[in-house]
Amino acid sequence: NETFVNFLIQRSSPLPRNMIENSMFEEEPDVVDLAKESPSYPIDSDDVVYEPRSSRLLVRGLGENDLDEDEEDYESSARLLGMSFMNRSSNQRSAASSYTRQQHSGSCSQPSTKTMVAGVVVLVLVASMLMVFYFLLGCTFTTAGCQKPNSTMHSLYPISTNGELFPWAELRLPPSVHPVHYNISIHPNLTLMTFQGSVSILVQVLHETKNIVLHSSGMNIIKATFEGKEVHFLEYKPWQQIAFKFPEDLKKGQYVLNINYTANLSSSFDGFYNSSYFEPLAARKAFPCFDEPAFKSTFTIKMTRESKYISLSNMPKVKTTDLKNGLQEDEFEKSVKMSTYLVAFIVADFISVSNNVSKTTVSVYAVPDKKEQVQYALDTACKLLEFYNTFFENDYPLSKLDLVAIPDFLAGAMENWGLITFRETTLLVGSNSSSIDKQLVTSVIAHELAHQWFGNLVTMRWWNDLWLNEGFATYMQYMSIETVFPGLDIDTEFLNVRFKALAKDALNSSHPVSTVVSTPEQVEEMFDSVSYEKGASILLMLNATLTDGEFRKGVIEYLKKYNLSNTESEDLWNSLSQVSKQNLSVSEMMNTWTVHKGFPLVTVKRNGTQVTLTQEHFLLNAENSTDDSSLWHIPLTYVTDKCSVLSSSTLKLPDQVKWLKFNFRSDGFYIVHYDEEGWKDLIGALKEDVNVLTCKDRAALINNIFALSRSGKVSFRLVLNLMDYMRNETETAPLTEALFQLGQIYRLLDKRSELNLASRMTVSDHFGSLMENQSWNLETSVSKMTLRSALLEMACSLNILCVVIDSWIPSDLMRTVFKVAAQTDEGWGKLLDVYKHSINDPEKRKTLEALASTQDVRKIIWILQKSLDGSEIQTQEFPLVMKTICKNFAGYLYAWDFVKENWDKITQKFPVGSFAIQSIIMSATSQFSTKTHLVEAQNFFTSLGTKGSQMRIVQEAIETIKLNMRWMENNLNTLQSWL
């Protein structure tokens, strides 16, 4: 349903006029609120009962971000998505959304008051009779009648491992008991791959209770005492909970619970996993605890180790004690109040470099062989820490900040407070690293440092509001780099990230930014492009809408008010509303963006000087749509060839305006469609002079028209008509977006054996001269490097250019050149040797991509096997191997078969629902475009049952295949005749 908004007729009062800063034009475009009123649908986090089983601890395979294995542009964005820390049980109690939609006037008849009262009376009478039967007769309404008076208890409470009733029946812990302080002692045995530990928990009983319920996973509890007396415990493994039952109610007050235990270390990336260089642990798999974000407390940690190692934790070390057998015990300062998922400790053989910033000692740790690669990270972290201290007007609260490069780390990074852990690729910079490599490292450091405030200092109350952590850290990542490191061209990268978020959110399988989380897979799947990049995008839009630094003022107020506390989305909106002087309800506006899934399509129709705008939910495939009545508050911006200040109350144009372009600089999270004359005017203006629009606006036009074509709203001929202007384009943002969009179509055609057609469509005078004119010399501009890499890689894949492999290769072109070399047996063998012996992680990763790009089927199968079992290629790189192989015709079907045949092994390595699993599934299926492959994929995923058939990414995969089929059906003949 379209919601028509005619500004001349339907709006009798002026719209609030919000200006955004415009550094490119002398005058500013207006901001128009496209939705007059919009309901607020807050989500009550208390309605969500699922609690993730494990949290991120130590350098466990948890982290935020599995690096995109596709292009440098994804790596540069440091899209921190792949959480491997929550491999939870599938048992759950369903939780319903706590909001209802407003009914449109006249859409539904309402029962009369008399009818409603009568209905209520009847309902009460029936309920009362049932209660009489239940309580007086002891009836449990079984098929055997009223002879099972105790079965109600069995239906309410699960059965623990020893056969007794477990005293708690929800996945989220009871609120009656809160932790106050943990004393934790850990002794890992790196030879036997086991560890033993003890934890003493000071708890506060807030309400009288006979039970204490907390989390524990995979532990052998040897002994437990409560107030010095040994106590019996119950365990319910599906929810990873243990319980202590007491004969009498515990009165309000503080008590001490002690638990001694042992456990094995795991060889997977989930929580406890065995790295070749250290032993990572994860909260409930490291120590029994109240493992939910809202259960904040303080921690004192002691680590026992061999003298040849060092140990690290969140806080500075206060003393080391010599023990027998050559062991030593390190004790760390009492921590600040924090959530369990931020607790971390490391035992390893690392070296470090340090520097002081304000009152904080910043250190970077790495393995000794890579000590020459840590300086850039140290300098970058110090500069960013200074920026955040100033921007937030709230200094980093700890006396030390450690950044640790971890071998065998699945994720990109993890923001443990005071002890941030990174994959080596995202922290280390060698002498031959390119500026693109530095952009990646800077992005991840900026993201993790932002978490020290957003996530650590102030934490979301529950995982449904994960975006408060991840969306904010992602936005601050780009904002801080643009200010502190302007030469890294991060603004273009942020634009690309917003485009990718739009693509994800245009699917029926998407989800609201803030959404109900009630199953283990749903928690895992929250760590995706919607929480991260859409979250960041709507914050950018809000910042552009507010004026006079109101966004920053609101953020400062938010951090000050909720210091060391937990929050929900509404708390942020309230803080921003308090400082805003505009006639705008931040909460009302932003709830339309966080509670609805998807985003709006704004359609612009011009009749002379009069403009009519409509909005509707944009979907690539409107079939089976589950949400078609959304209405967004859109802070609408526009610009014309006159760059005039336009009247926001009527949107009536001056007579001389030749063209009109909405969503200035693509700061808004929506796409725009024009009528036939509107597109004609814009395309004509670009063909005459590409600089009539900013490079961001040109890139946005390309992005929008491809999306509109894929949805069937415009013909592909119109897309090709717009692409004609590209022969005069020289800027990175529009060129790389065009190459990305055409590359997707190219790979679809390639899989249909239409390679010649794909080649003609991709080049066809648009990029040929640019490809031929690219230099192979050293380049310093990140923007030019990004464009050169994209152009030359496309040229080499189409055999347009012949690459001569020299002894020296610019580091930003290594991947391109290595991929060419990998097509011969000799080159492939040499690259394998480079991979095995290189200590430069970016070079190692580029080499692996080249190895996986081979067309030799035997090598493809070998690299799939070795990357999954981890024998010669690190298992953490399996998603990268999958993505690279699936790009090419030779290997994509073998990769799909490999996934089907090895699904059990894959899900043992990577948790169901994790970003790694999401990447693997989409890599294997996203280029299918036939009915045969659709049925095959549907049958396979259906057969998975609880092992993955209900994952949102499965729905996305099936939806993507159907979209590919439709696009080929509608456009293949057009392309064949046109080209």
Side-chain angles (χ1 to χ4, degrees), residues 59 78 278 310-318 320 330 332-333 335-336 342 344-346 348-406 409 412-431 433 435 437-453 456-457 473 476-477 479-488 490 840-842:
V59 208
F278 67 96
I310 66 168
S311 68
L312 301 170
S313 189
N314 304 84
M315 303 300 293
K317 185 170 61 177
V318 293
T320 298
D330 295 329
F332 299 88
E333 285 182 11
S335 76
V336 291
L342 297 172
F345 32 85
I346 295 174
D349 177 16
F350 283 153
I351 55 91
S352 67
V353 295
S354 303
N355 201 351
N356 292 318
V357 175
S358 301
K359 299 177 182 178
T360 302
T361 300
V362 181
S363 303
V364 179
Y365 288 82
V367 297
D369 288 346
K370 300 180 181 180
K371 62 183 179 181
E372 304 299 328
Q373 302 179 36
V374 299
Q375 190 61 46
Y376 179 83
L378 179 64
D379 295 340
T380 299
C382 289
K383 292 177 182 178
L384 288 167
L385 185 61
E386 287 182 313
F387 171 82
Y388 286 137
N389 281 341
T390 301
F391 184 87
F392 295 133
E393 295 184 3
N394 190 333
D395 284 354
Y396 174 76
L398 308 188
S399 61
K400 68 102 172 174
L401 175 62
D402 297 337
L403 295 80
V404 187
I406 305 297
F409 197 54
M414 174 57 208
E415 69 268 18
N416 317 295
W417 213 346
L419 183 61
I420 308 175
T421 50
F422 297 78
R423 183 185 281 207
E424 288 181 327
T425 307
T426 62
L427 189 65
L428 303 182
V429 173
S431 58
S433 296
S435 295
D437 297 328
K438 292 178 180 178
Q439 187 194 64
L440 167 64
V441 169
T442 307
S443 293
V444 182
I445 293 175
H447 185 102
E448 301 310 320
L449 261 63
H451 267 312
Q452 307 304 296
W453 285 264
N456 299 9
L457 192 69
M476 291 307 304
Q477 155 192 340
M479 175 192 282
S480 63
I481 294 175
E482 187 175 5
T483 303
V484 182
F485 301 96
L488 291 180
I490 204 66
N840 181 286
D841 210 55

Minimum side-chain heavy-atom gap Q477-I490 below 4.5 Å: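 Answer no - side chains too far apart.
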Treating T380 as the side-chain partner and T442 as the backbone partner, does any N or O pair qualify as donor plus acceptor under 3.5 Å?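 Not confirmed, T380 side chain does not pair with T442 backbone.
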Distance check, rounded to the nearest 0.5 Å: L385 atom CG versus N356 atom CG?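 Here the interatomic distance stands at 11.0 Å.
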Residue pairs, two or more places apart or on separate chains, that pass salt bridge (charged side-chain N to carboxylate O under 4.0 Å, His left out) and touch residues 378-394: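 As it turns out, the salt bridge (charged side-chain N to carboxylate O under 4.0 Å, His left out) pairs with a partner in residues 378-394, which skip direct neighbours, are E393-R552.
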Parallel, tilted or perpendicular: rings of H451 and H447 (30°, 60°):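 Plane angle over 60°, so perpendicular.
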For residues G412 and V444, report the shortest heavy-atom separation together with the two atoms involved.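 Reported closest heavy-atom pair: O-CG1, 4.3 Å.
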Exercise: identify the closest heavy-atom pair between I351 and P368: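 Smallest heavy-atom distance, with atoms named: CG1-CA, 3.8 Å.
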Quick one: pull up OH in Y376 and CD1 in I445 and give me the separation to the nearest 0.5 Å.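 Answer rounded to 0.5 Å: 7.5 Å.
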With no hydrogens and no angle check, is any side-chain donor or acceptor of K438 less than 3.5 Å from a backbone partner on S433?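 Here the side-chain-to-backbone pair does not exist.
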Look up atom CZ in R423 and atom CD1 in I406, then write down how far apart they are to the nearest 0.5 Å.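 Reported value, rounded in 0.5 Å steps: 12.0 Å.
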If we only count heavy atoms from C-beta on, is the L428 to V374 side-chain gap below 4.5 Å?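 Result yes, sub-4.5 Å side-chain heavy-atom pair found.
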Minimum side-chain heavy-atom gap I310-Y365 below 4.5 Å: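 Yes - at least one pair of side-chain heavy atoms lies under 4.5 Å apart.
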Given side chains that start at C-beta, do those of F350 and V364 come closer than 4.5 Å, heavy atoms only?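 A side-chain contact is absent here, since even the closest heavy-atom pair is not under 4.5 Å.
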Taking side chain as C-beta onward, heavy atoms only, is L401 less than 4.5 Å from L449?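 Yes, at least one pair of side-chain atoms sits under 4.5 Å.
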Nearest 0.5 Å please: distance from the CG atom of D841 over to the CD atom of Q373.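 Taking CG in D841 and CD in Q373, the distance rounds to 8.5 Å.
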F392 vs Q452 side-chain heavy atoms within contact, under 4.5 Å: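 Counting from C-beta outward, F392 and Q452 never come under 4.5 Å.
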My understanding is that only residues two or more places apart in sequence, or in another chain, count here; which of them pass side chain to side chain contact (heavy atoms under 4.5 Å, CB included) with T320?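 Checked T320 against side chain to side chain contact (heavy atoms under 4.5 Å, CB included); matches are R305, K317, Q328, D330.
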Is any side-chain heavy atom of F422 closer than 4.5 Å to a side-chain heavy atom of E448?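 Heavy-atom side-chain distance check passes, below 4.5 Å.
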Within the distance-only criterion (no hydrogens, no angle test), does the side chain of N456 pair as donor or acceptor with the backbone N or O of E415 below 3.5 angstrom?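 Side chain of N456 to backbone of E415, a donor-acceptor pair under 3.5 Å: yes, one is there.
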CD1-OG distance between I346 and S313, expressed to the nearest 0.5 angstrom: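 I346 atom CD1 to S313 atom OG measures 9.0 Å (nearest 0.5 Å).
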Minimum heavy-atom distance Y396-T360, with the two atoms named: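 The pair with the smallest heavy-atom distance is CD2-OG1, 3.5 Å.
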Considering all heavy atoms, the nearest C382-V362 contact: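 The pair with the smallest heavy-atom distance is SG-CB, 4.0 Å.
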Specify the closest pair of heavy atoms between A344 and N314, including all atoms of both residues, with the distance to one decimal.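 For A344 versus N314, the nearest heavy atoms are N-OD1, 3.0 Å.
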Heavy-atom pair with the smallest gap, counting every atom of S335 and M315: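 Nearest pair, atom of S335 first, then M315: CA-CG, 3.5 Å.
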Distance-only, no hydrogens or angles: does the Y388 side chain make a donor-acceptor pair with backbone N or O of A446 under 3.5 Å?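 Confirmed, Y388 side chain pairs with A446 backbone.
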Separation of L440 CG from L488 CG (nearest 0.5 Å):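 Between L488 CG and L440 CG, I get 11.0 Å after rounding to 0.5 Å.
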